Amino acid sequence: PDVSVRLGEFAARAAAEGLTVTVEDYDNPHSPCFDTGMLSGLFAAAPELMHNFDSGNYIIAGEDCLEAVRLFRDRIAHVHLKDRVSENDMSCPAIGSGCIPEAEAIAALADSGYDGWLTVEHFGHAHMLEAAEESYRFISSCLAGK
């Protein structure tokens, strides 16, 4: 069977055990969960499969992470916030200092009813602690407005 069928079977078995299986919008065009179209197909074939939303990966597929929140609002079970310097520079700066609309994504997630963890990714950042502190301040200010 294809990957969506296998994932559906696995997610159903996991759900029966009280576990949640998620897939992330993965930043590789060869992945079966690279973009919203591929993810939509997986979700259609696997009712128990949930989404690990990553705000910084949709740009690699040329897509808008805000549209992904709207499309998958009922499937988002976990969130990775990851900013990008630009469409041409996929480096991961502090959240809120790059080109990803992070404040709008955080608001859209809250408006969708998501109230879980917001984890932060700063892959390869030269000053990880400073980036984490800046990200914390930015995310806190976004959440304070809610």
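A quick note: this is a predicted structure, and the numbers were derived from the prediction, not measured.
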Flag, side chain of Asp83 to backbone of Ile100, donor-acceptor distance under 3.5 Å = yes
Report yes if the distance between the aromatic ring centroids of Phe72 and Phe43 is under 6.0 Å, otherwise no.
-> yes
Between the side chain of Arg84 and the main-chain N/O of Met90, is any donor-acceptor distance below 3.5 Å?
-> yes
Do we see a donor-acceptor contact under 3.5 Å between the side chains of Asn88 and Ser86?
-> no
Compare every heavy atom of Pro32 with every heavy atom of Leu42, then report the nearest pair and how far apart it is.
-> CD1-O, 3.3 Å
Rounded distance (nearest 0.5 Å) linking atom CG of Leu7 with atom CD of Glu48 | 11.5 Å
Would you check if the side chain of Ser135 reaches a backbone N or O of Ile95 as a donor-acceptor pair within less than 3.5 Å?
-> yes
Indicate if Phe53 and Tyr114 have the same hydrophobic cluster label, given that clusters are the connected sets of ILVMFWY residues with side-chain heavy-atom separations under 4.5 angstrom.
-> yes
Between Asp25 and Lys82, is a salt bridge (Lys or Arg N to Asp or Glu O under 4.0 Å) present by the stated rule, with each step listed?
-> CA-CA 12 Å; Asp25 45 301; Lys82 179 168 46 200; over 6 Å; no
Side chains of Asp64 and Tyr58: closer than 4.5 Å at any heavy-atom pair?
-> no
Check step by step if side-chain contact (heavy atoms from CB on, under 4.5 Å) holds for Glu134 and Ser97.
-> CA-CA 9 Å; Glu134 186 178 334; Ser97 64; 3.7 Å; yes
Over 12 foreign heavy atoms within 6.0 Å of OH, Tyr26 | no
Hey, quick one: are Val3 and Met38 part of the same hydrophobic cluster, counting side-chain heavy atoms closer than 4.5 Å, chains of contacts allowed?
-> no
Flag the pair Arg70 and Glu67 as a salt bridge only when some basic side-chain nitrogen lies within less than 4.0 angstrom of an acidic carboxylate oxygen.
-> yes
Are the side chain of His78 and the backbone N or O of Thr22 linked by a donor-acceptor pair below 3.5 Å?
-> no
Look at the side chain of Glu24 and the backbone N and O of Asp54, then say whether any donor-acceptor pair between them is shorter than 3.5 Å.
-> no
If you take all heavy atoms of Ala11 and Val21, which pair is closest and at what distance?
-> CA-CG2, 3.9 Å
Rounded to the nearest 0.5 Å, how far apart are OG of Ser40 and CZ of Arg75?
-> 9.5 Å
Heavy-atom side-chain contact between Asn52 and Ile76 under 4.5 Å | no
Closest approach of Met50 to Thr20 (non-hydrogen atoms, all atoms of both residues) = CG-CG2, 3.6 Å
Please assess Cys65 against Ile59 for the test side-chain contact (heavy atoms from CB on, under 4.5 Å), listing each intermediate value before the final yes or no.
-> CA-CA 7 Å; Cys65 71; Ile59 191 172; over 6 Å; no
Measuring from Glu63:CD to Leu39:CG, what's the distance to the nearest 0.5 Å?
-> 8.5 Å
In this structure, OG of Ser31 is separated from CD1 of Ile60 (nearest 0.5 Å) by 11.0 Å
Flag side-chain contact, heavy atom, 4.5 Å: Thr119 against Val79 | no
Could you check Phe138 against Glu102 for side-chain contact (heavy atoms from CB on, under 4.5 Å), going step by step and ending with a plain yes or no?
-> CA-CA 9 Å; Phe138 178 80; Glu102 297 291 0; 3.8 Å; yes
Minimum side-chain heavy-atom gap Leu143-Ser140 below 4.5 Å | no
Just how far is it from atom CZ of Arg73 to atom CG of Leu71, taken to the nearest 0.5 Å?
-> 11.0 Å
If two hydrophobic side chains count as joined below 4.5 Å and joins carry through other members, does Val120 share a cluster with Val69?
-> yes
State the CG-CH2 distance between Leu81 and Trp117, to the nearest 0.5 angstrom.
-> 13.0 Å
